[in-house]
Asker: 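One structure is given below, represented as structure tokens, and several questions about it will come after.
By convention in this document, chain letters (A, B, ...) are assigned in the order of the sequence lines, proteins followed by strands, and residues within each chain are numbered from 1.
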Amino acid sequence: MDPREVYARLLESFGRQNWWPIDREYHLRRGTNPLDEVVIGAVLTQNASWKNAEKALERLKEKGELSLRFVKEVSLERLKELVRPAGFYNQKAVYLKEVASFLLSPRGVLPRREELLKVKGVGRETADAILLYAYGVPTFVVDKYTLRWLERFYGLRTDYEGAKAFFERSVAKNAPVYSEYHALLVELGKRHCRARRPVCGDCPLRDACLLYNSFKK
DNA sequence: TACCAGGTGGGAA
DNA sequence: TTCCCACATGGT
């Protein structure tokens, strides 16, 4: 099945996911940049549930400020305390400061992917998530769910860059579509294509899935 | 109780 | 390049 049809089916089944979630009212009130929330959230959610990342975001709002400026200026120890619910807080606090320093330093308007990747704490997924969801750059975001699904559905075993290239040559470059596609794959991974025991029963893609069809024989 | 969650960096093989 | 491990909280 063509990846474009996969997208259509997932959208049909799950509906729009409305990523990236941003508290626009907060930023309007505080005069802070809503895009900072994407960047900070992208680091906080690294190998953590979004719920825990949200708890850390809430603490930043309540006890500090949800902005890169605040992250850069607050003490490291205080920042660790604030982001604790997201887990890995010792390293995430360091990562946040690194990202804030980079993005607040004088540069061109758009950060370049290669430059972002040099920042400690910004790996491929975080870099692409920042570029796509904060800056609207049509770059495909790959995660564990995506790699697992590619292997199960197409029998395609590949790495991050391979998966990214696969989607970018199959689906026309379009930031809103890439945004939605990634969010839909995450939803698919949560609902059906789970790690240990996939729940194929009512999976919208099962008729074309290599793994599912291999079960039946 | 063990596993999992919108990963990354660093070191060994 | 490809594995392996540490990093940590909170939910099921």
Side-chain angles (χ1 to χ4, degrees), chain A residues 7 10 14-23 35-60 63 76-77 79-103 113-135 137 139-152 156-165 167 175-199:
Chain A
Y7 175 72
L10 292 178
F14 301 155
R16 297 210 174 275
Q17 303 298 302
N18 298 311
W19 279 27
W20 193 280
I22 290 175
D23 185 350
L35 301 187
D36 289 5
E37 185 168 346
V38 178
V39 175
I40 295 167
V43 172
L44 291 178
T45 195
Q46 288 172 356
N47 205 45
S49 67
W50 179 249
K51 258 190 182 158
N52 283 0
E54 268 186 320
K55 282 181 183 151
L57 290 171
E58 281 306 314
R59 282 164 72 93
L60 279 170
K63 308 183 177 205
L76 180 61
E77 288 312 307
L79 187 57
K80 286 180 181 178
E81 218 174 285
L82 292 175
V83 303
R84 178 183 294 266
F88 301 129
Y89 57 89
N90 286 304
Q91 58 182 41
K92 283 182 184 175
V94 173
Y95 292 174
L96 284 171
K97 281 189 163 291
E98 296 277 337
V99 182
S101 297
F102 171 71
L103 290 176
R113 188 171 190 258
E114 315 84 83
E115 296 302 314
L116 271 172
L117 287 174
K118 288 181 195 160
V119 178
K120 188 168 181 176
V122 180
R124 293 179 172 86
E125 181 176 346
T126 305
D128 287 327
I130 289 172
L131 287 170
L132 179 62
Y133 293 104
Y135 293 92
V137 176
T139 183
F140 205 94
V141 179
V142 174
D143 60 7
K144 266 190 275 194
Y145 292 121
T146 310
L147 294 174
R148 183 193 306 150
W149 174 75
L150 280 175
E151 184 164 0
R152 288 180 178 171
L156 179 58
R157 194 186 175 125
T158 184
D159 61 5
Y160 190 99
E161 297 297 337
K164 176 176 164 61
F167 284 102
V177 171
Y178 283 11
S179 301
E180 197 60 51
Y181 208 146
H182 170 61
L184 287 166
L185 285 174
V186 170
E187 193 59 23
L188 177 72
K190 287 180 179 168
R191 292 198 204 184
H192 303 287
C193 216
R194 296 154 162 275
R196 181 179 306 182
R197 194 177 53 82
V199 182

Asker: Using modelled atom types only, decide if a donor and an acceptor are shared between the side chain of Glu37(A) and the backbone of Asp23(A) within a distance under 3.5 Å.
Answerer: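 Yes.
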Asker: Any chance you could measure Cys193(A), atom SG, to Glu151(A), atom CD, to the nearest 0.5 Å?
Answerer: 10.0 Å
Asker: Given atom CG of Leu10(A) and atom C1' of dG6(B), what is their separation to the nearest angstrom?
Answerer: 16 Å
Asker: For residues 189-199 of chain A, which residues have at least one heavy atom under 4.0 Å from DNA chain B?
Answerer: Lys190(A), Arg196(A)
Asker: Round to a whole Å and report the spacing from CG of Leu44(A) to P of dT8(B).
Answerer: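 The answer, rounded to whole Å, is 13 Å.
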Asker: Is there aromatic stacking of Trp19(A) on dG6(B) here, judged by a ring-centre distance under 5.5 Å and a plane angle under 30°?
Answerer: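 Taking the rule of under 5.5 Å and under 30°, the ring of Trp19(A) does stack on dG6(B).
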Asker: dG6(B), OP1 or OP2 - any side-chain N/O from Tyr133(A) closer than 4.0 Å?
Answerer: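 No.
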Asker: Mind checking the C1' distance from dG6(B) to dC3(C)? Whole angstroms is fine.
Answerer: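 To the nearest whole Å, 24 Å.
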Asker: Answer yes or no: does a side-chain N or O of Ser49(A) lie under 4.0 Å from OP1 or OP2 of dC4(B)?
Answerer: no
Asker: Which residue is it: Lys190(A), His192(A), Arg191(A)? I am looking for the one with a side-chain contact (heavy atoms from CB on, under 4.5 Å) to Leu188(A).
Answerer: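 Considering Lys190(A), His192(A), Arg191(A), a side-chain contact (heavy atoms from CB on, under 4.5 Å) with Leu188(A) is found only for His192(A).
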Asker: Quick one: Tyr145(A) OH to dG6(B) P, roughly how many Å, whole number?
Answerer: 4 Å
Asker: For DNA chain C, note the earliest and the latest nucleotide, 5' to 3', having some atom under 4.0 Å of a heavy atom belonging to chain A.
Answerer: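 For DNA chain C, the relevant span reads dC7(C) to dG11(C).
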Asker: Would you call Glu58(A)-Lys55(A) a salt bridge at under 4.0 Å N-O?
Answerer: no
Asker: Can you check the Trp50(A) CH2 to dG7(B) P distance for me, whole Å?
Answerer: 11 Å
Asker: Would you say the ring centroid of Trp50(A) lies under 6.0 angstrom from that of Trp20(A)?
Answerer: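 Centroid distance Trp50(A)-Trp20(A): below 6.0 Å, so yes.
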Asker: Kindly say whether Gly15(A) contributes a backbone atom to a donor-acceptor pair with the side chain of Gln17(A) at under 3.5 angstrom?
Answerer: yes
Asker: I need the OH-C1' distance between Tyr89(A) and dG7(B), as an integer number of Å.
Answerer: 18 Å
Asker: Who pairs with Thr45(A) by side-chain hydrogen bond (donor to acceptor under 3.5 Å, both in side chains), at least two apart in sequence or on another chain?
Answerer: none
Asker: Flag the pair Val83(A) / Arg59(A) as yes when at least one side-chain heavy-atom distance between them is below 4.5 Å, and no otherwise.
Answerer: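 Val83(A) does not reach Arg59(A) side chain to side chain.
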Asker: For Leu188(A) and dG6(B), give me the distance from atom CG to atom P, rounded to whole Å.
Answerer: 13 Å
Asker: Using atom P of each nucleotide, how far apart are dA8(C) and dT1(B) to the nearest Å?
Answerer: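 The answer is 22 Å between these two P atoms.
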Asker: Could you pull out all residues at least two apart from Glu77(A) that satisfy side-chain hydrogen bond (donor to acceptor under 3.5 Å, both in side chains)?
Answerer: Lys80(A)
Asker: Go nucleotide by nucleotide along DNA chain C from the 5' end; which of Ala48(A) and Lys55(A) gets its closest nucleotide reached first?
Answerer: Ala48(A)
Asker: For Gln91(A), give me all partners under side-chain hydrogen bond (donor to acceptor under 3.5 Å, both in side chains), at least two apart in sequence or on another chain.
Answerer: none
Asker: In sequence, state the C-alpha distance, the side-chain angles, and the governing distance for Tyr133(A) and Asp128(A), and then conclude on side chain to side chain donor-acceptor pair (under 3.5 Å).
Answerer: CA-CA 8 Å; Tyr133(A) 293 104; Asp128(A) 287 327; over 6 Å; no
Asker: Tell me: CD of Gln46(A) to C1' of dA5(B), nearest whole Å?
Answerer: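 That distance rounds to 13 Å.
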Asker: Show the distances under 3.5 angstrom between N or O atoms of the protein and N or O atoms of nucleotides 9-13 of chain B.
Answerer:
residue: dG9(B); atom: OP1; partner: Val119(A); partner atom: O; Å: 3.4
residue: dG9(B); atom: OP1; partner: Gly121(A); partner atom: N; Å: 2.7
residue: dG9(B); atom: OP1; partner: Val122(A); partner atom: N; Å: 3.3

Asker: Checking Val141(A) against Leu132(A) for the side chain to side chain contact (heavy atoms under 4.5 Å, CB included) test, could you report, in this order, the C-alpha distance in whole Å, the side-chain angles of both residues, the deciding distance, and whether it holds?
Answerer: CA-CA 8 Å; Val141(A) 179; Leu132(A) 179 62; 3.8 Å; yes
Asker: Can you tell me how far P of dG6(B) sits from CZ of Phe88(A), to the nearest Å?
Answerer: 13 Å
Asker: Tell me what Glu125(A) touches on the nucleic acid: a base, only sugar-phosphate, or nothing, going by heavy atoms under 4.0 Å.
Answerer: sugar-phosphate
